Amino acid sequence: MSMLTDAIAIPIRTEADIVSARQTGRRMASELGFTPSELTMIATAISELARNVVTYAGSGEVLLELRQDAGRRGILVTARDEGPGIPDVEAAMQDGFSTGSSLGLGLPGARRLMDEFDVVSAPGQGTTVTATKWAGE
Amino acid sequence: MTSDHARAYAELLAAGGEPGEEDLLAAYEIGRALAADGGGVLDAALVHEQAVLALCERDGGIDAATVARGQSLLQEMLGPFEMALRGYRESNEQLIQARAEAEQANRAKNEFLSRTSHELRTPLNAILGFGQLLEMDDLPEHQAASVHDILSAGRHLLKLIDEVLDISRIEAGRLALSMEPVMVGDIADSAMSVMRPLAAERGVALSAELGNARAAHVLADRQRLHQVLLNLLSNAIKYNRKGGSVTLLCVPADGDRVHLEVVDTGPGIAEDKLERLFAPFDRLGAEETQIEGTGLGLALSKNLCEAMGGALHVKSVVGRGSRFWIELPRVEAPQDDDAPVVPAAGPAAGGDGELTVLYIEDNPSNFKLVQRILERWRKVVLLSAIQGALGLELAQRHRPDLVLLDLHLPDMHGSAVLDELHSDPRTSGIPVVVVSADATAGEIQRLRDKGAHDYVTKPLDVTQFLASLERALQSARSASPR
């Protein structure tokens, strides 16, 4: 492997910051051999996570890192904010398909586009979402 | 709303050149808004195609660079739909999984009910058996009344258990039916004769008007049809008025069907309650009356009729009465008219000589009960074996006149004991009566096919039990004078 772990942090405050997070994520991921449709999925997931930061916390950051594990390569997206936090993470990860109240977008939507997904949050503690997509999976 | 999205997307495409990340984000936002508005993938595709078409009209064509730009924009616009589609797929999988789990839970429930019901019959055997013995004693009046109450509560419980067991078997699709042409007149007469005492006791006039239909045959399980008729007739009598009437009618219906109708002059049932009539345990308020019932009879009857390929219907007019009818397929009368021979339970057939009876049974309370019943019957030497192997040994050594056989023995199953008894010339002529709490029709048939003379289910009905023993002895005597 010629490239060691590369990490870029992008502060998120405005629409323009979302654009830059998507652009950086797409560029990093394209170097790992993702297909065009996978690149769209990664950009879409970054949009959903960054949009949540803007909507619910006002500001935060998106950290993009290349990951290597057991010979495979992937991109790790971490969206962090110090906003009000999520009182019930489990409920926030539910789509509401059963209640018909949502469309499968947002956090659960982003989870489905990525291979690994984790949310750590508590009221007053801010929110950290980590999501990884592996190339060739 | 969609036209706004279409306009925004058309402007995005018309801008030309390789799309920047701002353009891609804008396309994604359009797709997200479309999805949030309830639009689908087709709407997104149309938005894209309309924008392409508009460019073609404006410029008289479209260049490769614009096609490439459109491809990137379309892909981003479809991102949110990909998310939503994956959500639908996932929730569909969850629903399938949930349904499989619910079905599994239902199977487990039926299994549990069926096992529990069987376990409940065993202690009931002691309660009803010893109760019946006490009833035969010369008891002071208040004690006789108590015994009567014990017996009636015990029988009620037994009925409840049997009905729960039947319903769970039907739900599990495991009810064994033996379908045959059944003559309407036969089955009606039999049901009427069982119900006459109850009708007389309640002061209700009971009659049957079968007319020409008496000779008609329906395709049914004789025993189950009998059960349904008894249920309908007893309801009609119990929920009637003093001096009222119950009539059993038989009318041919459309499409080779036959209706067996039970018409009563009871209070009737309001239209809005009719639906609940067939729901298990819903007694429509009758639980607050003195009328006894399990709340399962009609639910079971309806299930039974449907399992036999028929139906059970009701019409009712408040203040005038109700009409329940069983609908069954009509069939031709069978060619050979070999009506089942019901052996008469005659008086003690075996003379007064001393009898030897071997009872193979591991439950001491059941053994004690049978011992007490036999003591009242006649002079009997009762041999006891709590294991199958020991029972076989005793049978070979003592050559009893009769073997009573439980099925759930600690060392071997009763059916294996039966096989060995029959294959040994020393014991093959001895009649065997199976005494078991397993009341499933399949098991009863299996043991009869193996050559059991009779199959008596626990809890024992003392009179029927003794009648069965008499028949077994009688047939053994006429078959081989020993």
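Protein chains get the first letters and strands the later ones, always in sequence-line order, with residue 1 at the start of each. What you are looking at is a predicted structure, and each value in this text was computed from that prediction instead of being measured. Below, each value reflects all heavy atoms present in this structure, side chains not excepted, and no hydrogens, waters or symmetry copies.
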Take atom [atom1] of [X] as the centre, draw a 6.0 Å sphere, and report whether it contains more than 12 heavy atoms from other residues, nucleotides or ligands.
| X | atom1 | result |
| --- | --- | --- |
| A:Glu82 | CD | no |
| B:Glu306 | CD | yes |
| A:Arg72 | CZ | yes |
| B:Glu275 | CD | no |
| B:Gln104 | CD | yes |

Task: B:Leu78, part contacting chain A, at a heavy-atom distance under 4.5 Å - done: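 Neither part.
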Residue pair [X] / [Y]: nearest heavy atoms and the distance that separates them:
| X | Y | result |
| --- | --- | --- |
| A:Val19 | B:Glu21 | O-CG, 3.3 Å |
| B:Glu76 | A:Ala43 | OE1-CB, 4.1 Å |
| A:Thr44 | B:Pro80 | CG2-N, 4.4 Å |

Open item on the list: If the threshold is 4.0 Å, N to carboxylate O, is there a salt bridge linking B:Glu29 and A:Arg51?
Closed with: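 A:Arg51 and B:Glu29: salt-bridged.
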Task: From CG (B:Leu74) to OG1 (A:Thr40), nearest 0.5 Å - done: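 The OG1 atom of A:Thr40 is 9.5 Å from CG of B:Leu74, to the nearest 0.5 Å.
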TODO: To the nearest 0.5 angstrom, please state how far the OG atom of A:Ser47 sits from the CZ atom of B:Arg32.
DONE: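 Rounded to the nearest 0.5 Å, the OG-CZ separation comes to 9.0 Å.
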Open item on the list: side chain to side chain contact (heavy atoms under 4.5 Å, CB included), that's the test. Do B:Gln75 and A:Leu39 meet it? Break it down for me.
Closed with: CA-CA 10 Å; B:Gln75 200 171 318; A:Leu39 292 177; 5.9 Å; no
Open item on the list: Quick check for you: among A:Glu48, A:Met41, A:Gln23, A:Arg22, which has the greatest number of heavy-atom pairs under 4.5 Å with chain B?
Closed with: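 Most heavy-atom pairs within the cutoff with chain B belong to A:Arg22.
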- [ ] Please tell me if the side chains of A:Arg26 and B:Leu24 come closer than 4.5 Å, counting only heavy atoms from C-beta onward.
- [x]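 In contact.
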